[in-house]
Structures are given as C-alpha cells and as structure tokens.
Amino acid sequence: MIRRLVQQARQSQVSRRALLSTGGAAAATLALAACSTGGAAKPTAAPDESDSDKSLNWANWAAYIDEADDGSYPTLERFEQETGISVKYMIDVDDNNSYYGKVKDQLALGQDIGADTVCLTDWMAGRWIKFGYTQELDHANIPNISNLLPTLQEPDFDPGRANSLPWQGGFAGICWNKEKLPDGLTSVNDLWNPELKGRVGVLSEMRDTIGLIMLQEGIDISGDFSDEEFSRAVEIFRTHVESGQIRNVKGNSYLEDLTNEDTLAAIVWSGDITVINAEAGDKWEFMIPEGGGTIWNDNFVVPIGSSRKTNAETLMNYYYEPEVAAEVAAWVNFITPVAGAKEAMQAIDPELAENQLIFPDEETLATVKAFRTLTSEQEQKYGAEFQSVLLGV
C-alpha cells in the first residue's frame, strides 16, 4: 500500500504550473496567533449585496486550483462566464495561523477582511465558527451540497455544515529528493539521519508535524492522548530544531525549499509533491510513513464582514458539480469531497480515478489519522508548546 502511494504520487503528473508562495515566514519569526476566549459579543454579519455586486474575492492556498499554462484558471473562468460573477482569486493563505493573525482583529469587529470566502483547515474553520467570525450558509443556494460525501457531513466543529463546506482534503506524510537520496525514506525517524542534518523541512501546521511525530511514537492522535504524550513529541521536535537537523519550519512556501534543494527531505502535504514533480521532472517521492500519516480537510467559509455571501455560495455550488470537482482534482491531486467525481474522472483520466491520493480506499484510509479536536484550553497549551520551539523559548 505505501509503495503504491509512492508510485501514484510519481505517476499522476498533470501538465500544470507550480504556484509557490513567497511569503512564508522562517521558523524564528512565526508567532502564536492570539485566541479569543469567546466571551466577547459576536459580531454581526454584513448585509448581503450580491444582487447588485457581481464580484467575489476568494482567498486560498498555493497550487490549489486547476491552472492552464498561461496562468489562468479554466474552471474559474467558466464559472465567471456562466454566472456573470467576476472572481479575484488570491493566493493569500500560507499557513492557518499566519493568515488568522493578519485578519483576526478585523474579524472580531465584523469588518471586511478583503475576502468573501476563505479555505481553512478543519481546526481553524472550527475556531472561526466558534468565535462567530463566519456567516451561516444558505443551503438553498447550494443545491449541489447533496453531493457532499456522507463521511464529511457532520463534523464536530460544524454540525450539519451550517457554516462550512469542504474544498479539498489530503494527507501529511514525508517526501525526499530521489536524486540525492536514492535509497529513499520509510519513516519520520529517517528524517533524523545524520546525513540529512540541516536539509530537513517540516510544516508549521502543528497537527501535521507533531501529529506525524506522535504517530511515529505509537500514539493515536485521533484518540484520548495525554498532555505528556503530546509534550514528549514536542521535545523530539525541539531536539531536532535546536540541533540544526531541521532547517526550516514553513507553511505552503516549503515547496520553494524543496525545489531549490535547501531541503532534501520534508514533512509535506500529499498533492503538493505532484505539483513540483510536474515542473521538475519527477525528482521527489511522497509516502505515508510507516508510523502513519494525518488526514485533513480545508473548508470554504464566508467571513462575517463579507457583503457577497450569495456569490460565495454560488461558487461553492459550482465546484460541487462532479465534473468540475474532477477537473480540479486532476490538477491538484488532493482528495475531492464530492460524490460522483470519481465517475467523472473516468472521462478525464481513468488512471487518476484509481489514484489513492485523490480517491483513497479503506486500505489507504487505515494508514492515516485525523488529529482530534482540541478544547480551547488544549489548543492554547499545545499551540504555545509548539510555538515555543519556533521562537527559541
């Protein structure tokens, strides 16, 4: 199974441009985003002006939508033609915490943050929803929500999907430069080999980096693990940061370090490796490590200050058409949340319809875990422990 995933990550190379964010912060400059206690009054949603304002600003991560050779976005252009809604697509999210740090003060005041929909990972989407920073979705404007996979319909952070809708999902695992490391890697522990000192990158997403370390230590991150088990994994992380084994801790901009060979091995997100392989001629391999990988979803939310909620819902409905979802998945190689997309993929590329990075079966899903939902106190405590390593405290 693990080798099958490696081969599929290597073989599913669609012609596409790499979108590499250049705004990633170095480990020492990453700061813990402040968390509200939730005690303050929640802001009021902005009036919806979609009837008179046919525009939309969409903030997303790098390399996360289909792109043509000229840099245009084919499915998004068709959406504009079909609906008359013009979309400004912004590659603004490099890391959940860093993006939140930029907009949290405006969110708390109910102000427009310059985005009408943002794609955020489960835990961060849950934070926004809990604090009242998102608008409730009108499912009547999203009839294609009926295509949402049953397993994603009732997340604990948003029962009934009242305020969110999945965009894409994926795995966190490990990758390596095949030219420099022809023998490959099999586990997270292989990242700590002496010959890789100073050439290892990890993600600034705590749940992925610490999650993979915990899984390597035999801890079930989806279960009732203890504070001590979490802290033990942080100390392993701290050891390798302080020793210089780990060169960089970054968000989506980690891709730059791989392509310029500052790092030769890393903890990464699954579909991203197909992106850079398509540009650089199959230089990297992705693997869910022997200890297990993480699984997550990024979700559409509508910020509380947006005045174009119906336009955002129209966008969501469009991307839940199975044929559109399949076209996006063929480019990004992440897990599509849309039922019927696998059948639609048969017309695009039958091999991709069997790709475990896009349509994982039960055998693949048995190798990954979702990091459990944390209480506010745990989120503060664990986040502070993780950031203390980055800040050298």
Side-chain angles (χ1 to χ4, degrees), residues 25-40 42 93-105 107-108 120-134 155-158 164 172 188 202-243 245-246 248-251 267 269 291-299 301 368-393:
T29 64
L30 288 172
L32 177 62
C35 297
S36 165
T37 63
K42 294 181 178 179
V93 186
D94 180 66
D95 167 272
N96 283 291
N97 268 326
S98 63
Y99 184 78
Y100 178 62
K102 295 175 183 177
V103 301
K104 61 184 178 63
D105 292 339
L107 289 169
L120 302 169
T121 308
D122 292 330
W123 65 273
M124 182 57 78
R127 179 188 292 181
W128 285 34
I129 292 167
K130 178 172 63 177
F131 294 164
Y133 294 167
T134 64
D156 59 1
F157 65 87
D158 187 25
S164 69
V188 170
V202 300
L203 296 168
S204 57
E205 287 289 330
M206 177 193 77
R207 289 158 177 79
D208 291 326
T209 290
I210 301 300
L212 260 65
I213 294 173
M214 292 175 73
L215 289 166
Q216 179 65 53
E217 294 297 299
I219 300 165
D220 182 359
I221 60 173
S222 66
D224 191 24
F225 59 82
S226 67
D227 290 352
E228 291 74 18
E229 289 173 321
F230 180 87
S231 296
R232 187 164 69 246
V234 171
E235 289 310 305
I236 293 172
F237 174 53
R238 186 188 306 276
T239 296
H240 295 300
V241 168
E242 293 180 349
S243 72
Q245 183 76 20
I246 294 173
N248 287 321
V249 185
K250 290 188 175 182
I267 291 175
W269 291 311
T294 62
I295 187 171
W296 41 264
N297 279 280
D298 290 327
N299 307 270
V301 295
V368 296
K369 296 284 187 179
F371 202 102
R372 79 160 191 244
T373 299
L374 302 176
T375 65
S376 296
E377 292 75 16
Q378 289 170 333
E379 188 171 331
Q380 287 271 24
K381 174 180 171 60
Y382 295 169
E385 286 188 46
F386 182 67
Q387 293 291 331
S388 73
V389 178
L390 305 186
L391 298 173
V393 177

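The structure presented is a predicted model; accordingly, all values stated were derived computationally and were not measured.
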- Task: Apply side-chain contact (heavy atoms from CB on, under 4.5 Å) to the pair Arg207 and Thr121, showing each step before the final yes or no.
- Result: CA-CA 10 Å; Arg207 289 158 177 79; Thr121 308; over 6 Å; no
Nearest-0.5 Å distance that lies between atom [atom1] in [X] and atom [atom2] in [Y]:
| X | Y | atom1 | atom2 | answer |
| --- | --- | --- | --- | --- |
| Ser204 | Asn248 | OG | CG | 10.5 Å |
| Trp123 | Asn297 | CH2 | CG | 15.0 Å |
| Thr373 | Asp156 | OG1 | CG | 3.5 Å |
| Glu385 | Phe237 | CD | CZ | 12.0 Å |
| Met206 | Asn96 | CE | CG | 11.0 Å |
| Ile267 | Leu203 | CD1 | CG | 6.5 Å |

- Message: Could you tell me if Asp95 and Tyr100 have a donor-acceptor pair between their side chains, going purely by distance under 3.5 Å?
- Response: no
Do the non-hydrogen side-chain atoms of [X] and [Y] ever get within less than 4.5 Å of each other?
| X | Y | answer |
| --- | --- | --- |
| Val301 | Leu120 | yes |
| Tyr133 | Val103 | no |
| Pro155 | Asp122 | no |
| Phe131 | Lys104 | no |
| Phe371 | Thr294 | no |
| Ile236 | Glu217 | yes |
| Asn97 | Met124 | yes |
| Gln378 | Arg372 | yes |

- Shortest non-hydrogen contact from Gly292 toward Leu212: O-CG, 4.1 Å
- Item | Heavy-atom closest pair, residues Ile210 and Ala233 |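 Answer, listing the atom of Ile210 first, then Ala233: CG2-CB, 3.9 Å.
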- Evaluate the side-chain contact (heavy atoms from CB on, under 4.5 Å) criterion for residues Trp128 and Asn299: first the C-alpha distance (whole Å), next the side-chain angles of each, then the deciding distance (0.1 Å), finally the verdict. CA-CA 11 Å; Trp128 285 34; Asn299 307 270; over 6 Å; no
- Task: Give a yes or no on whether the backbone of Lys130 and the side-chain of Lys42 come within a donor-acceptor separation of less than 3.5 Å.
- Result: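 Looks like yes, one N/O pair under 3.5 Å.
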- So, does Ser231 use its side chain to make a donor-acceptor pair with the main chain of Glu228 at under 3.5 Å? no
- Item | Chi angles and distances behind the side-chain contact (heavy atoms from CB on, under 4.5 Å) call for Arg232, Ile219 | CA-CA 11 Å; Arg232 187 164 69 246; Ile219 300 165; 3.8 Å; yes
- Task: Let me see the working for Arg238 and Glu235 under salt bridge (Lys or Arg N to Asp or Glu O under 4.0 Å), right down to the final yes or no.
- Result: CA-CA 5 Å; Arg238 186 188 306 276; Glu235 289 310 305; 3.2 Å; yes
- Task: Anything under 30° is parallel, anything over 60° is perpendicular, the rest tilted; go ahead and classify Trp269 against Trp296.
- Result: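 If you compare the ring of Trp269 with that of Trp296, the planes turn out perpendicular.
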- Could you label the plane-to-plane angle of the Phe225 and Phe230 rings as parallel, tilted or perpendicular, counting under 30° as parallel and over 60° as perpendicular?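 Parallel, since the angle between the ring planes stays under 30°.
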